[in-house]
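As structure tokens, the structure follows; a few thoughts come after it.
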Amino acid sequence: MYTAHPDRYTDLPYRRSGRSGLKLPALSLGLWHNFGPDRPVETQRAILRRAFDLGITHFDLANNYGPPPGSAESALGEALKADFTPYRDELVISTKAGYLMWPGPYGEWGSRKSVLSSLDQSLTRLGLDHVDIFYSHRFDPETPLEETMGALHSAVQQGKALYVGVSNYSAEQTRDAARILGELGTPLLIHQPRYSLLDRRPEEQGLLDTLDDLQVGSIVYSPLEQGLLTGRYLDGIPEDSRAASDSPFLKSDAVTEDLVGRLRALNEIAASRGQTLAQMALAWVLRGGRITSALVGASSTKQLEDSVGAIRNLEFDPDDLARIDAIVQT
């Protein structure tokens with residue numbers, strides 16, 4: 001029987017999501033790639049237990065996470081039953097709807113039919129009566145935003161979600177979503193964009209400014225840029241890496257000699273800070289407190305522990321930031 005570490009709330013900082021009352025750990029665990037039938041169950045359980053022992057109280061999913069789609073939710077559902085039943089009220093569980101999940105016209109996007117059916121399926125796989133955060137995973141250009149946001153509002157009204165969020169929405173779409181939800185009486189809690197040292201679109205396209213203005217939280221995914229910022233690619237493409245398998249999320253031709261040179265230069269800065277490249281990349285997105293939380297994946301407890309080590313140094317002096325910008329933006 002798993003017993004959580006008594007000092008689990010000692011080290012990891014928690015940040016308030018926007019103007020809500022909900023605090024999230026600075027690092028949250030994303031169950032995107034590493035939770036499914038192709039991974040040993042005990043490894044998955046060990047990662048979840050270690051995460052909670054380190055103070056990571058937020059586990060993030062989507063209906064289609066796996067592979068295959070749905071398997072990450074099922075894996076977490078089994079782990080919740082086996083290890084976390086006494087700790088459910090200490091956990092924040094989130095899931096999403098919007099990407100392709102089942103055949104036919106209702107298996108994706110943002111119709112009320114799709115969004116609420118997806119949530120019911122997710123709850124069944126998770127073995128829960130509600131999730132803490134339910135997201136619209138992507139903007140649907142063919143469905144009125146009022147319908148999609150109305151479905152999120154209904155999820156709260158039905159007691160199937162405590163809070164709602166959006167992911168992969170532009171600044172303008174986010175502003176419209178927040179307005180509609182506000183009128184319905186269900187505030188927009190949080191936005192989940194892709195953001196990293198190497199992908200700064202939330203800054204460049206005004207999304208972070210919009211979230212500041214709306215007082216909406218932010219939790220970023222791919223802060224390690226699909227593994228590029230973990231240090232694994234400092235000598236090219238490892239045989240067992242995501243790029244070597246030509247994953248749809250990281251193609252081998254993206255790992256150019258120029259990119260490897262930049263990664264090595266960034267790694268030198270990280271070393272001068274007493275950090276691994278992954279730790280510096282996580283510290284960079286968390287710098288200044290503007291981002292509520294950063295999502296990390298993990299294929300082992302060791303990898304997870306390395307990520308959590310980032311919190312020991314979240315400060316950057318202006319020279320370090322300028323050097324990083326010079327490497328990334330030239």
Side-chain angles (χ1 to χ4, degrees), residues 1-2 4 17 22 24-25 28-53 56-102 106-108 110 112-138 151-167 186 189-190 192 219 221 293 295-298 304:
M1 175 66 73
Y2 164 68
S17 182
L22 183 68
L24 295 177
S28 298
L29 182 64
L31 280 67
W32 184 7
H33 291 302
N34 297 313
F35 287 79
D38 60 338
R39 306 279 179 164
V41 170
E42 191 49 45
T43 299
Q44 297 176 49
R45 298 269 178 89
I47 291 169
L48 291 165
R49 292 192 292 262
R50 186 60 180 142
F52 190 55
D53 284 344
I56 296 177
T57 55
H58 179 209
F59 299 156
D60 178 78
L61 302 109
N63 57 357
N64 63 334
Y65 286 179
S71 61
E73 289 179 328
S74 296
L76 181 61
E78 292 299 316
L80 291 174
K81 187 190 310 180
D83 293 328
F84 294 98
T85 298
Y87 307 107
R88 173 63 183 100
D89 290 337
E90 296 183 47
L91 292 171
V92 172
I93 308 295
S94 61
T95 196
K96 313 176 191 75
Y99 282 95
L100 182 63
M101 187 57 196
W102 65 87
Y106 319 121
E108 61 179 328
R112 182 178 181 85
K113 165 72 172 174
S114 176
V115 169
L116 294 179
S117 295
S118 177
L119 177 56
D120 285 342
Q121 292 178 21
S122 291
L123 292 174
T124 297
R125 286 188 290 268
L126 288 164
L128 298 174
D129 61 2
H130 74 276
V131 291
D132 298 283
I133 307 171
F134 182 46
Y135 289 88
S136 170
H137 206 167
R138 60 173 170 171
L152 296 185
H153 171 66
S154 291
V156 174
Q157 294 298 103
Q158 294 167 7
K160 296 177 181 179
L162 300 184
Y163 301 93
V164 298
V166 297
S167 181
T186 297
L189 173 80
I190 198 163
Q192 187 174 134
I219 179 167
Y221 72 91
S293 184
L295 283 165
V296 296
L304 179 66

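One side chain, Ser154 or Arg112, offers a donor N or O that lies under 3.5 Å from an acceptor on the other. Counted by atom type alone, His58 and Ser94 present one or more donor-acceptor pairs between their side chains at under 3.5 Å. At a cut-off of 3.5 Å, with distance as the only test, no side-chain donor of Glu108 or Ser114 sits close to an acceptor on the other residue.
Considering only heavy atoms from C-beta on, Leu189 comes within 4.5 Å of Ile133 through its side chain. Residues Leu162 and Val92 have side chains not in contact (no heavy-atom distance under 4.5 Å, counting atoms from C-beta outward). Looking at Asp129 and Leu123, their side chains never come closer than 4.5 Å, going by heavy atoms from C-beta outward. Using a 4.5 Å cut-off on side-chain heavy atoms (C-beta onward), Ile93 and Asp60 make no contact. Two residues are said to be in side-chain contact when any heavy atoms from C-beta on lie closer than 4.5 Å; Phe134 and Thr95 meet this criterion. Contact annotation: the side chain of Ser136 approaches that of Leu152 to within less than 4.5 Å [non-hydrogen atoms, C-beta and beyond]. Side-chain contact between Phe35 and Leu61 is absent, with no heavy atoms from C-beta onward closer than 4.5 Å. Counting only heavy atoms from C-beta outward, the side chains of Leu29 and Leu295 never approach each other to under 4.5 Å.
Within the structure, salt bridge (charged side-chain N to carboxylate O under 4.0 Å, His left out) contacts touching residues 85-94 (residues at least two apart or in different chains) are Arg8-Glu90, Arg88-Asp132. Annotation: salt bridge (charged side-chain N to carboxylate O under 4.0 Å, His left out) contacts involving residues 32-48, sequence neighbours excluded, comprise Glu42-Arg49.
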side-chain contact (heavy atoms from CB on, under 4.5 Å) evaluation trace for Ile219 with Tyr135: CA-CA 12 Å; Ile219 179 167; Tyr135 289 88; 3.3 Å; yes
Report the C-alpha separation of Asp53 and Arg50 in whole Å, then their side-chain angles, then the decisive distance to 0.1 Å, and conclude whether the side-chain contact (heavy atoms from CB on, under 4.5 Å) test is met. CA-CA 5 Å; Asp53 284 344; Arg50 186 60 180 142; 4.0 Å; yes
Quick one, Tyr163 with Val156, criterion side-chain contact (heavy atoms from CB on, under 4.5 Å). Give me CA distance, side-chain angles, the key distance, then yes/no. CA-CA 7 Å; Tyr163 301 93; Val156 174; over 6 Å; no
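For the side chain to side chain contact (heavy atoms under 4.5 Å, CB included) test, residues two or more places apart in sequence or in another chain that qualify with Asp120 are Lys160. Residues satisfying the salt bridge (charged side-chain N to carboxylate O under 4.0 Å, His left out) test with Lys81, not counting sequence neighbours, are Glu78. Qualifying side chain to side chain contact (heavy atoms under 4.5 Å, CB included) partners for Thr57, counting only residues two or more places apart in sequence or in other chains: Tyr9, Tyr14, Pro25, Phe52.
The number of heavy atoms from other shown groups lying within 6.0 Å of OH (Tyr106) does not exceed 12.
The two residues Gln44 and Ala75 come nearest to each other via the heavy atoms OE1-CB, 3.3 Å. Heavy atoms only, all atoms of each residue included: Arg138 and Gly98 are closest at NE-O, 3.0 Å. Contact record, Ser122 with Glu73: OG-OE2, 2.8 Å, taken as the closest heavy-atom pair. Here the closest heavy-atom approach between residue Ile47 and residue Ala298 is recorded as CD1-O, 3.4 Å. The shortest heavy-atom contact between Ala4 and Tyr87 is N-OH, 3.0 Å.
Atom CG of Leu48 is separated from atom OG1 of Thr43 by 11.0 Å, given to the nearest 0.5 angstrom. Rounding to the nearest 0.5 Å gives a distance of 5.5 Å between CG of Leu24 and OG of Ser17.
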Name the atoms and distances for all side-chain donor-acceptor pairs under 3.5 Å in residues 63-70, with sequence neighbours left out.
from: Asn63; atom 1: ND2; to: Ser118; atom 2: OG; distance (Å): 2.8
from: Tyr65; atom 1: OH; to: Lys96; atom 2: NZ; distance (Å): 3.3

